[in-house]
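Here is the naming used below: chain letters follow the sequence lines, and residue numbers restart at 1 for every chain.
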Amino acid sequence: MPPAPWPTPRTVRQAAELHARLTTSGHLLHHPPSARHLLNSLVNCLEPHPLHLRYALHLFDRMPPSTFLFDTALRACSRAGSDPHCPFLLFRRMRRAGVRPDGFTFHFLFKCSSSLLLCTMLHAACLRTMLPSAAPFVSNSLIHMYIQLGLAAEARRAFDEIHVKDAVAWTMVISGLAKMGMLCDAQLLLSQAPVRDVISWTSLIAAYSRANRAKEAVGCFKTMLSHGIAPDEVTVIAVLSACAKLKDLELGRSLHLLVEEKGMPTSENLVVALIDMYAKCGDFGHARQVFDAVGRGPRPQSWNAIIDGYCKHGHVDVARSLFDEMEVRDIITFNSMMTGYIHSGQLREALLLFMSMRRHDLRVDNFTVVNLLTACASLGALPQGRALHACIEQRLVEADIYLGTALLDMYMKCGRVDEATIVFRRMGKRDVHTWTAMIAGLAFNGMGKAALEHFYQMRCDGFQPNSVSYIAVMTACSHSCLLNEGRMYFDEMRILYNIHPQIEHYGCMIDLLGRSGLVDEAMDLVKTMPIQPNAVIWASILSACRVHKHIDLAQCAAEHLLKLEPDEDGVYVQLYNIYIDSRQWENASKIRMLMEERQVKKTAGYSSITVAGQVHKFVVSDKSHPRILEIIAMLEEISHRLKSVGYSPLTSQITVDVDEEEKEQALLAHSEKLAIAFGLISLAPNLPVHIRKNLRICEDCHSAIKLISRLWNREIIVRDRSRFHHFREGTCSCNDFCKMMSAVSSITMFSVHPQGW
DNA sequence: ATAGGGTTAG
């Protein structure tokens, strides 16, 4: 029977029609080439659907076995994503039927295997049974499989074992290692490769860029050009992403010109990369030119790139109007827009977007939740943070290491060390960031010893600290006044890890020396450090001077501060207080005049407390609260009970010329006391009273709150500008270092927010 | 019938 001119089916349905015709004509049973043609083309149009696969295997079962047929059946499994046992059952049948496997057999088996164990067994079987002539194919697919499984060492070994390596083997191993972040190995192999094609270079460039080593990515690109290799469209995309990170507009622009000059195909990806580069560099003229010309398609990628650019440069409103114009928004659109709102302090808008995601049928992902947790952390919004935690517990999003770290950070920044610790303990995987967040959190919650114990444990578990970890460690030392430890870690970071102290590390060390009364030594460090001291450092010196009575040095520090930050009221107030302390009335009034002259505005202090999901905000002498009468009654009771245990208000804190009685009243009206009074009358007795304050807590309030915590047997938590105070049974976790309140807030604890949630 | 590179968000 002559071979029939059957058309090649393109869909499963067409294959089924051919099947029917071959059956009725008798070709299926009596003309093997036609049958093979049918099965082969059926496999080509398979979709990943179990029914399709079953159909193909059913057809396979009815044909006489051969190597080609088994290979085709295995190909079907690898295309259709079968149940994991199926390919190996097929392989066993093949061996039992005495059909010899060839290179393709192993290629498709490798494609189906999902574990190192399987691969190793297959590799061994392959070496036992394969003809050496088929080896190059198989070695390459073996490398491919190891790379897919993320097994770099195995991929490398398989590559090294090949005797005659072809160009694909080199390219594959170089790009595979680059993709897995093993950039040194990839770079070395590239220099040894006999053929260095554009694909190997491109994968290395992209890998450098992804690893935030954009400078090296550009260096790599230049080396490639010097070797006479011409970049193609994909190379340009990779280099553009490096330009975006470096804000190298010049190189980015020249790449754009190159694309136009050479008439390279401008795929959607290239358009996205161009818009992203221009937008990240802040060149919105060109970004808009490209975007308006070719970027306004229905797909969201190019919109996302320009929206992100506008957000990053503070044009959140422009970003929003583009957002509203879009037809199809994806999760990245929402996340970028929300990040923009969060960074510009518009937390309400971020929350509204979050809630509208459900209406758009978009599933919240862990990126979204990390974003929102960050917002809660900077707000100290504990109830909202807890609600997000509940979303995670209900498995609405899959918990990962970023999410766990953000969650523990949120609890820490809301002062809930206990809950943060539970999250930390339950995390299956931790990385340097997780440990650092834990150490930093313990540090600004006043648990310096525990922070250092965690640092020790972190290193026992094999994690190498980075410079941020050392900022956290130094913060722990300075907030808990651990002088010897601080000195040790400050030296150790250079010696053990070659981490050179940055301004933040110096800030902590200087603060620590100042707190410990070693003001001269602190000043020596300021003079000898290789970095220009900033305002934080001078503020540390200044407050050390106040506590340890170094008037001359205080004046010097204040002069530096006034130069660096002439509009900050803190400096004037601090210096004024120092003059008052040392009874230099004349200098004190000079400072007040200077302040008026320069029209320095005092930052309005406020305290807020959340009761039943509602934020209540108080400023000094605030009478606007609806329950003000009850609050005043509570304040009077507080005042009465405090006095009955021998407390006298620290009226020296008040620097206005009024009589003692008025001073007492003024202290009583401090916003934190108002908030606490409100907390005491409105919260259930077993709940802690949790206050957030935008400035530092004053010394009088600090001692008063200690007593209140004892008299009312209440836990009181105050988050001020740079740290937490946990008041319990008459003591505070900060060990009264608030007397020398740190100007150091090296770890961003607090961001000012215009309105609550 | 086979195997290699890229963009947008922490």
Side-chain angles (χ1 to χ4, degrees), chain A residues 36 39-41 43-44 67-69 71-72 74-76 78-79 102-108 110-111 134 136-145 147-148 166-179 186 195 197-207 209-210 217 231-242 244 267-277 279-280 295 299-309 311-312 330-340 342-343 365-375 400-403 405-406 409 433:
Chain A
R36 276 207 297 272
L39 180 60
N40 198 22
S41 40
V43 171
N44 285 343
T67 302
F68 178 84
L69 276 186
D71 288 354
T72 310
L74 285 171
R75 191 158 70 91
S78 74
R79 281 181 66 110
D102 64 0
F104 290 110
T105 317
F106 284 104
H107 172 77
F108 296 122
F110 286 146
K111 259 189 131 169
F137 284 161
V138 179
S139 323
N140 285 357
S141 36
L142 191 65
I143 297 174
H144 177 233
M145 172 199 67
I147 289 170
Q148 292 301 100
D166 63 8
V168 173
W170 280 98
T171 312
M172 206 152 60
V173 79
I174 291 168
S175 67
L177 291 176
K179 210 190 315 190
V195 200
D197 61 3
V198 65
I199 295 181
S200 305
W201 284 106
T202 304
S203 38
L204 204 60
I205 293 168
S209 174
R210 258 201 311 269
D232 67 7
E233 193 206 339
V234 182
T235 319
V236 171
I237 292 171
V239 184
L240 280 172
S241 102
S267 67
E268 216 166 325
N269 286 342
L270 180 56
V271 169
V272 174
L274 276 171
I275 295 172
D276 178 55
M277 182 277 296
K280 282 227 171 74
R299 282 156 53 86
Q301 280 83 343
S302 53
W303 296 80
N304 292 349
I306 200 156
I307 284 178
D308 175 61
C311 286
K312 288 237 161 74
D330 66 2
I331 186 116
I332 295 181
T333 325
F334 275 87
N335 287 345
S336 304
M337 199 63 231
M338 271 163 34
T339 310
I342 289 170
H343 285 299
D365 69 357
N366 42 20
F367 206 100
T368 320
V369 180
V370 167
N371 253 340
L372 290 162
L373 282 171
T374 311
D400 67 5
I401 197 159
Y402 289 107
L403 201 52
T405 305
D409 184 54
H433 306 286

* Could you tell me whether A/Ser203 contacts a base, only the sugar-phosphate backbone, or nothing, with contacts defined as non-hydrogen atoms closer than 4.0 Å? => sugar-phosphate
* Asked: To the side chain of A/Asn140, which of B/dG5, B/dT8, B/dA3 is closest?
  -> B/dA3
* Using a 4.0 Å heavy-atom cut-off across all strands, classify A/Thr333 as base, sugar-phosphate, or nothing. => nothing
* Asked: Hey, does A/Glu268 reach any base, or is it just sugar-phosphate, or nothing, if we go heavy atoms under 4.0 Å?
  -> nothing
* Can you find a side-chain donor-acceptor pair between A/Ser267 and A/Glu233 that sits under 3.5 Å? -> yes
* Structure fact -> Among the nucleotides B/dT8, B/dA1, B/dT7, whichever has the atom closest to the side chain of A/Phe108 is B/dA1
* With the side chain of A/Asp166 defined as its heavy atoms from C-beta on, choose the nearest nucleotide among B/dG5, B/dA3, B/dT8. => B/dA3
* For the residue pair A/Asn44 and A/Ser41, confirm or rule out a side-chain donor-acceptor distance under 3.5 Å. => no
* Think A/Lys312 has a side-chain N or O under 4.0 angstrom from the OP1 or OP2 of B/dT8? -> no
* Among B/dG4, B/dA1, B/dT8, the nucleotide that comes nearest once only the side chain of A/Phe104 is considered -> B/dA1
* **N or O in side chain of A/Lys111 less than 4.0 angstrom from B/dA1 OP1/OP2** => no
* **Counterpart residues, ring pair (Phe, Tyr, Trp, His ring centres under 6.0 Å), relative to A/Phe108 (two or more places apart)** => none
* Counting heavy atoms from C-beta on, name the nucleotide in B/dG5, B/dA9, B/dG10 closest to the side chain of A/Asn335. => B/dA9
* To do: Just call it for A/Thr235: base, sugar-phosphate, or nothing, with non-hydrogen atoms closer than 4.0 Å on any strand.
  => base
* Asked: Atom CD1 of A/Ile307 to atom P of B/dT7: distance rounded to whole Å?
  -> 20 Å
* Within this structure, what is the NZ-to-P distance between A/Lys179 and B/dG5, rounded to whole angstrom? -> 4 Å
* Select one nucleotide: of B/dT8, B/dG10, B/dG5, the one nearest the side-chain heavy atoms of A/Val234. => B/dG5
* To do: Could you check how far CH2 of A/Trp170 sits from P of B/dG4, rounded to whole Å?
  => 18 Å
* Asked: Can you list the residues that meet the salt bridge (charged side-chain N to carboxylate O under 4.0 Å, His left out) rule with A/Asp71, with sequence neighbours excluded?
  -> none
* To do: Could you check how far CG of A/Asp197 sits from P of B/dA3, rounded to whole Å?
  => 17 Å
* Can you figure out which of B/dA1, B/dA3, B/dG5 approaches the side chain of A/His144 most closely? => B/dA3
* To do: Starting from P on B/dG10, measure out to CE on A/Met338 and report it in whole angstrom.
  => 11 Å
* **Nucleotide B/dG10, atom C1' - distance to CZ of A/Phe367 in whole Å** => 4 Å
* Check: A/Asn304/A/Arg299 side-chain N/O donor and acceptor closer than 3.5 Å -> no
* Per A/Ser336 side chain, nearest of listed nucleotides B/dA3, B/dA1, B/dA9 -> B/dA9
* Structure fact -> Separation of B/dG10 atom P from A/Leu373 atom CG, nearest Å, is 15 Å
* Examine the side chains of A/Thr368 and A/Asn371 and answer whether a donor and an acceptor come within less than 3.5 Å of each other. => no
* Asked: Would you say a side-chain N or O of A/Arg299 is under 4.0 Å from OP1 or OP2 of B/dT8?
  -> no
* Asked: Is A/Ser175 side chain donor-acceptor paired with the B/dG4 base, going by distance under 3.5 Å alone?
  -> no
* Under 4.0 Å between any heavy atoms, over every strand shown, what does A/Arg210 touch: base, sugar-phosphate, or nothing? Just pick one. => sugar-phosphate
* Which part of the nucleic acid, if any, lies within reach of A/Ala206 when heavy atoms closer than 4.0 Å are counted: base, sugar-phosphate only, or nothing? -> sugar-phosphate
* Asked: Checking all strands, does A/Asn44 fall into the base, sugar-phosphate, or nothing category for heavy-atom contacts under 4.0 angstrom?
  -> nothing
* To the nearest 0.5 angstrom, please state how far the OG1 atom of A/Thr339 sits from the CD1 atom of A/Ile307. => 11.5 Å
* Nucleotide nearest A/Asp308 when distance is taken to its side chain, options B/dG10, B/dA9, B/dG5 -> B/dA9
* Asked: What is the distance, rounded to the nearest whole Å, between atom CG of A/Asn269 and atom P of B/dT7?
  -> 9 Å
* Can you figure out which of B/dG10, B/dT8, B/dA1 approaches the side chain of A/Asp71 most closely? => B/dA1
